[in-house]
Amino acid sequence: MSTSVPSSTSGLVTRQEFNRLSEEFRDLRHNMEAHYNLMYNNLCTEMAQRYNTMYNDVYCRISRLEESSDETNNRPSSSTVSTQTKSSTVSTKTYKPNKQRCYPTDSQAMALKSAFHSNEQPTPDKMKKMSVDLDMDYQRLKTWFHNQRQIKKRKR
């Protein structure tokens with residue numbers, strides 16, 4: 001049985017030409033797979049970043065709403081937990097639930113960075129105005145500026 005492949009010009013392709021074409025095809029396929037994987041990874045990264053931004057934005061808004069409802073209802077933010085055994089209560093602890101981290105959105109981060117470059121230590125009044133403009137909690141904004149000053153100090 002012959003191992004040659006029909007060609008459009010002469011009718012048959014030599015084994016050497018067939019191997020060369022096969023190698024070119026393998027290289028082309030490898031390059032296409034690499035390009036596809038790169039595009040897929042970039043897309044996954046972009047989708048993960050968008051998801052994290054959206055999740056953090058929604059979580060921060062919900063946290064602010066819960067904090068404001070706690071203040072209006074005068075509910076204490078800490079709660080009491082009792083652990084029970086078969087016979088009686090073993091201990092009672094008072095704990096404050098941990099707050100989850102809230103990251104500034106991209107637009108908030110850009111505004112904060114430009115404000116930091118113009119003035120590293122804004123007055124409390126300026127920070128309060130900025131917190132309203134950026135729809136951020138004042139304490140978060142204050143902490144952000146403090147952290148940026150510490151990062152800059154560490155880099156010196």
Side-chain angles (χ1 to χ4, degrees), residues 1-72 75 77-79 81 93 95-156:
M1 184 170 168
S2 175
T3 58
S4 56
V5 177
S7 172
S8 59
T9 56
S10 66
L12 292 177
V13 176
T14 65
R15 178 52 122 176
Q16 187 178 13
E17 192 176 352
F18 178 78
N19 290 339
R20 184 185 57 77
L21 289 172
S22 295
E23 194 171 311
E24 283 180 19
F25 178 75
R26 256 185 267 120
D27 290 344
L28 181 62
R29 190 169 137 218
H30 175 73
N31 289 340
M32 288 177 60
E33 285 175 356
H35 183 70
Y36 171 78
N37 288 337
L38 179 66
M39 288 175 44
Y40 179 77
N41 290 339
N42 289 344
L43 180 64
C44 289
T45 303
E46 183 180 336
M47 288 176 62
Q49 288 172 343
R50 284 185 184 176
Y51 173 78
N52 287 337
T53 302
M54 287 174 23
Y55 175 81
N56 288 328
D57 188 37
V58 168
Y59 182 80
C60 290
R61 288 183 182 181
I62 289 172
S63 298
R64 276 187 295 223
L65 287 173
E66 287 174 349
E67 287 172 5
S68 65
S69 69
D70 285 347
E71 290 170 4
T72 56
R75 280 189 264 158
S77 59
S78 62
S79 56
V81 174
K93 297 182 199 175
Y95 75 96
K96 193 171 187 177
N98 292 335
K99 287 186 180 180
Q100 194 165 4
R101 269 190 193 181
C102 292
Y103 297 97
T105 62
D106 294 337
S107 59
Q108 288 173 335
M110 285 176 40
L112 287 169
K113 286 176 185 174
S114 67
F116 182 76
H117 287 299
S118 64
N119 185 6
E120 291 180 13
Q121 291 190 323
T123 62
D125 293 334
K126 285 185 181 179
M127 281 201 287
K128 285 177 185 170
K129 184 181 182 313
M130 216 182 304
S131 71
V132 171
D133 292 343
L134 295 175
D135 191 31
M136 275 179 85
D137 184 42
Y138 173 76
Q139 188 60 44
R140 272 185 62 213
L141 188 84
K142 186 177 171 184
T143 304
W144 187 90
F145 272 94
H146 175 75
N147 290 342
Q148 293 305 308
R149 286 191 296 270
Q150 293 304 313
I151 289 169
K152 187 174 180 182
K153 182 179 176 183
R154 231 182 293 137
K155 286 183 180 178
R156 287 185 214 169

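All of these numbers come straight from a predicted model, not from anything done at the bench. All residue numbers refer to positions in the sequence shown, counting from 1. The figures here come from the full heavy-atom set of this structure, side chains too, leaving out hydrogens, waters and symmetry mates.
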(Q) As a quick check of understanding, evaluate side-chain contact (heavy atoms from CB on, under 4.5 Å) for Arg20 and Glu23, giving each step before the final call. (A) CA-CA 5 Å; Arg20 184 185 57 77; Glu23 194 171 311; 5.8 Å; no
Q. In Å and rounded to the nearest 0.5 Å, what is the CZ to CZ distance from Phe25 to Phe18?
A. 10.5 Å
Q | Pairwise distance CG(Asp106) to CZ(Arg50) - rounded to 0.5 angstrom | A | 10.5 Å
Q | Trp144 side, atom CH2; Lys113 side, atom NZ - distance, nearest 0.5 Å | A | 7.5 Å
Q. Which distance, rounded to the nearest 0.5 Å, do you find between the NE2 of His117 and the CD of Gln148?
A. 8.5 Å
Q. At what distance, to the nearest 0.5 angstrom, does SG of Cys60 lie from CD of Gln108?
A. 8.0 Å
(Q) Check the orientation of Phe145 and Phe116. Use parallel for under 30°, tilted for 30 to 60°, and perpendicular for over 60°. (A) tilted
Q. Does some side-chain heavy atom of Ile151 sit less than 4.5 Å from a side-chain heavy atom of Lys155?
A. yes
Q | Atom pair OG1/CD of Thr143 and Gln150 - distance to nearest 0.5 Å | A | 11.5 Å
**Q.** Arg140 and Pro104, any side-chain heavy atoms less than 4.5 Å apart
**A.** yes
Q: Would you check, one step at a time, whether the test side-chain contact (heavy atoms from CB on, under 4.5 Å) holds for Arg15 with Asn19?
A: CA-CA 6 Å; Arg15 178 52 122 176; Asn19 290 339; 3.9 Å; yes
(Q) Taking CD in Glu24 as the centre, count heavy atoms belonging to other residues, nucleotides or ligands within less than 6.0 Å. Is the count above 12? (A) yes
Q: Evaluate the side-chain contact (heavy atoms from CB on, under 4.5 Å) criterion for residues Leu112 and Met136: first the C-alpha distance (whole Å), next the side-chain angles of each, then the deciding distance (0.1 Å), finally the verdict.
A: CA-CA 11 Å; Leu112 287 169; Met136 275 179 85; 3.9 Å; yes
Q: Could you tell me which non-hydrogen atom of Leu134 sits nearest to which non-hydrogen atom of Ala111, and how far apart they are?
A: CD2-CB, 3.6 Å
